Amino acid sequence: MTAPLLEIRDLRTCIAAGDRVIRAVDGISLALNRGETFALLGESGSGKSLTALSVMRLLPDAGRVVGGEVRLEGKDLLALPERAMRDVRGRRIGMIFQEPGASLDPVMTVGDQVREVLDRHLGLRGSAADRRVLELFEAVGIPDPRRRMDEYPFQLSGGLKQRVMIAGALACEPELLIADEPTTALDVTIQAQVLGLLRDLQKRTGMAVLLITHDLGVVAEMAHRVAVMYAGELVETAPRERLFTAPAHPYTRKLFASVPGRHLRDAPLAAIGGQVPALWREFSGCRFVERCDHAFEACSNSQPAILQLEGGQAARCHLHDPRFAGRAARAATTVSAPLAAAREPMVAAPLLEVRDLAVHFPICRGVLKRVVGQVRAVDGLSLDLHAGRTLALVGESGCGKTTAGKAMVRLLEPTRGRVLLRGEDLTALGGAALRTRRRDFQIIFQDPFASLNPRMRLAEIVSEGMLALGVGGDAAARDRRVDELLEQVGLSTDMRHRYPHELSGGQRQRIAIARALAVEPKVIVCDEPTSALDVSVQAQILNLLRELQQRLGVAYLFITHNLSVVEFLAHEVAVMYLGRIVEHGGVGQVLESPRHPYTQALLAAVPRFDGQGERLRLRAEGDLPSPANPPAGCHFHPRCAHAQPTCRESYPSTVNVAPGHSVRCVLTGPAAS
């Protein structure tokens with residue numbers, strides 16, 4: 001039998017937190033073979049990312065490995081001097097980090113950052129390095145890659161920064177790739193392209209992949225084996241097919257039950273109650289006992305061991321211990337209590353009206369910075385947002401979704417157009433008048449790390465808006481409100497004195513959500529608010545957003561690439577392509593009867609599972625064109641299988657194909673200039 005490429009034995013990693021020691025990784029053992037993808041699932045804060053950072057020896061200053069071994073082809077990486085470890089990182093082991101905004105150097109162009117890897121490990125310089133960078137950028141689907149090579153991270157969207165990270169990690173074709181949420185910020189079409197690239201590289205080089213993700217669709221498509229992690233321990237391991245057809249641990253079952261979808265629109269999602277326990281405490285029993293529906297006395301008094309089951313499956317649970325066989329039988333027949341149905345809100349006059357919104361950015365060249373062109377990020381967007389309703393804005397990364405959202409709340413100045421909030425034009429307001437109205441509209445940013453002040457504690461971050469806008473009462477009332485919000489988004493009130501860098505990516509996103517909710521706005525622009533969250537916390541947040549909407553009548557512009565979230569939460573869907581809305585209608589109309597070829601391509605790329613847990617896909621061919629040089633006529637025609645000669649000549653006009661359902665496509669109506 002071939003020896004594993006990577007073998008982790010009883011890995012233990014601790015984080016010093018004042019006078020406490022957090023056992024973040026507590027006895028992890030796993031093996032990874034060449035050409036294999038091993039997926040690691042679990043909630044935010046369960047220790048997945050710290051496991052990866054321990055392997056790479058990139059722990060924060062407060063962290064240290066206190067036990068175990070990490071062997072790469074038999075050589076213990078933990079015993080190597082740092083100089084030798086630098087030769088391993090990037091060359092033999094590549095890593096895609098969870099937060100590209102925090103991992104990319106802000107003062108280097110993205111092209112130079114990939115060239116640095118090529119120079120350090122392969123000795124590539126000059127034109128050879130430029131050709132390799134261009135090849136990598138094209139492979140990961142970066143539009144207009146030659147221009148993007150000379151841009152800085154702040155000039156790229158979250159999805160484009162993620163693709164740059166992937167390009168850098170794959171630059172030297174490593175033997176092992178550690179991918180920490182590699183497709184979190186990517187839309188479904190680019191996700192399909194990137195995952196296809198990883199599979200092709202695996203077949204060609206035998207590269208192994210340690211995949212950390214909360215996307216069960218990615219796991220179903222990519223993984224050969226899966227491990228589920230909870231509170232620093234592995235609680236279940238299984239081949240992919242076995243895990244999807246017969247999850248053994250109660251925690252794994254709850255993860256599957258938390259996945260949103262159209263069939264769950266009439267009830268709250270089955271979110272996992274409570275939180276991951278504090279890892280500084282001593283455990284006398286199962287670490288999941290406080291959140292488990294099937295716990296009994298032994299679960300509190302004795303720690304379960306990993307038990308080997310059928311089909312290569314193992315679970316850390318007393319329910320599979322022969323001594324408690326009766327408990328296991330009852331667990332299999334347990335039925336959850338029915339959930340209350342969601343109330344459909346009434347539709348009245350629009351709360352927010354957007355009319356012909358455009359945001360163009362100048363392209364400057366030369367010493368004198370002459371304007372030589374325009375990036376048409378948003379190019380004539382119109383939509384209505386109603387109180388108590390959710391409008392989902394979907395489309396590929398780089399199509400202008402985030403720019404449109406920021407322009408609506410005046411974080412970017414529109415080039416033209418109007419944004420009316422209850423009839424008042426926000427684009428005409430300035431100074432004190434605009435600050436006064438900011439209580440009515442808030443935004444949840446895509447990148448929580450970049451949007452949270454690193455010098456402020458969590459309580460200060462959440463209460464900052466209340467203090468600035470004069471809401472929430474006195475200091476004591478604001479403190480009570482902060483504690484209430486922390487609990488609502490699934491965080492312990494004990495965390496109120498922490499700083500953002502002490503949190504995981506998912507926990508930072510929850511703080512960003514709490515901050516936006518603090519002033520009880522009428523409109524919230526949600527820019528990928530659940531992209532960094534695992535499915536259990538995502539369910540909790542989606543339930544919270546919908547409950548607040550029903551209680552307060554808040555309206556959401558929900559920017560996302562997760563169409564299962566759209567199915568669950570949205571009332572209407574607007575599909576955006578290269579700065580323009582190409583299809584708009586009710587969620588059922590657009591998702592069940594898509595009329596635009598681009599919408600059809602997006603839906604075809606959504607995960608579909610067959611009986612074996614496989615993911616079936618179709619792809620949209622080609623890449624999103626550059627908004628600096630959009631194609632003539634219909635912008636989608638270079639990628640459209642149904643393109644006609646008139647598509648190259650003029651942009652289609654809007655056609656109403658059903659009440660409330662509009663499309664811009666010559667297949668449904670006449671073309672217009």
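Please read all numbers here as calculations on a predicted model, not as lab measurements.
Phe441 contributes atom CZ, which lies 12.5 Å from atom CE of Met408 (distance to the nearest 0.5 angstrom). Distance check, rounded to the nearest 0.5 Å: CG of Asp180 to NZ of Lys48 gives 7.5 Å. Atom CG of Leu104 and atom CZ of Phe154 lie 13.0 Å apart (nearest 0.5 Å). The OH atom of Tyr598 sits 10.0 Å away from atom CE of Met576, with the distance rounded to the nearest 0.5 Å. For the atom pair CD1 of Ile511 and CG of Leu485, the computed distance is 9.0 Å after rounding to the nearest 0.5 Å. Taking CZ of Arg163 as the start and CG of Leu156 as the end, the distance is 9.5 Å to the nearest 0.5 Å.
Note on Arg551 versus Glu520: no salt bridge recorded, every NZ/NE/NH1/NH2 to OD/OE distance being 4.0 Å or above. Between Lys406 and Asp527 there is no salt bridge, since no side-chain N of the basic residue sits under 4.0 Å from a carboxylate O of the acidic one.
Leu420 pairs by the side-chain contact (heavy atoms from CB on, under 4.5 Å) definition with Glu353, Arg418, Asp425, not counting sequence neighbours. Under the side-chain contact (heavy atoms from CB on, under 4.5 Å) criterion, Asn629 pairs with no residue, sequence neighbours left out.
Between Lys522 and the options Leu351, Val554, Leu421, a side chain to side chain contact (heavy atoms under 4.5 Å, CB included) holds for only Leu351.
Between Leu458 and Leu503, some side-chain heavy-atom pair lies under the 4.5 Å cut-off. Taking the side chain as every heavy atom from C-beta outward, Leu486 and Ser492 never approach each other to under 4.5 Å. For the pair Gln488/Ile513, no side-chain contact is recorded, criterion being any heavy-atom separation below 4.5 Å from C-beta on. With a 4.5 Å cut-off on side-chain heavy atoms, Leu160 and Val110 do not count as touching. By the 4.5 Å heavy-atom criterion applied to side chains, Ile461 and Pro500 are counted as neighbours. Annotation: side chain of Tyr577 is in contact with side chain of Pro625 (closest heavy-atom distance under 4.5 Å). You'll find the side chain of His360 reaches within 4.5 Å of the side chain of Arg416, heavy atoms only. Between Asn656 and Ser662 there is a side-chain heavy-atom pair separated by less than 4.5 Å.
One N or O on the side chain of His596 and one on the backbone of Arg664 form a donor-acceptor pair closer than 3.5 Å. In terms of modelled atom types and a separation under 3.5 Å, the side chain of Arg389 and the main chain of Glu572 share no donor-acceptor contact. Although no hydrogens or angles enter the test, the distance criterion places no donor-acceptor pair under 3.5 Å between the side chain of Glu181 and the main chain of Ser49.
A 6.0 Å sphere centred on CZ of Arg147 holds more than 12 heavy atoms belonging to other residues, nucleotides or ligands. Other residues, nucleotides and ligands contribute more than 12 heavy atoms inside 6.0 Å of the CZ atom of Arg148. Asp474 CG: more than 12 foreign heavy atoms inside a 6.0 Å radius.
Ring geometry for His501 versus Tyr499: interplanar angle under 30°, hence parallel rather than tilted (30 to 60°).
Side-chain polar atoms of Asp483 and Thr493 form no donor-acceptor pair below 3.5 angstrom.
Of all the heavy atoms in Ala555 and Gln549, the pair that sits closest is CA-NE2, 4.4 Å.
The stretch residues 575-590 participates, sequence neighbours left out, in these salt bridge (charged side-chain N to carboxylate O under 4.0 Å, His left out) pairs: Asp379-Arg580.
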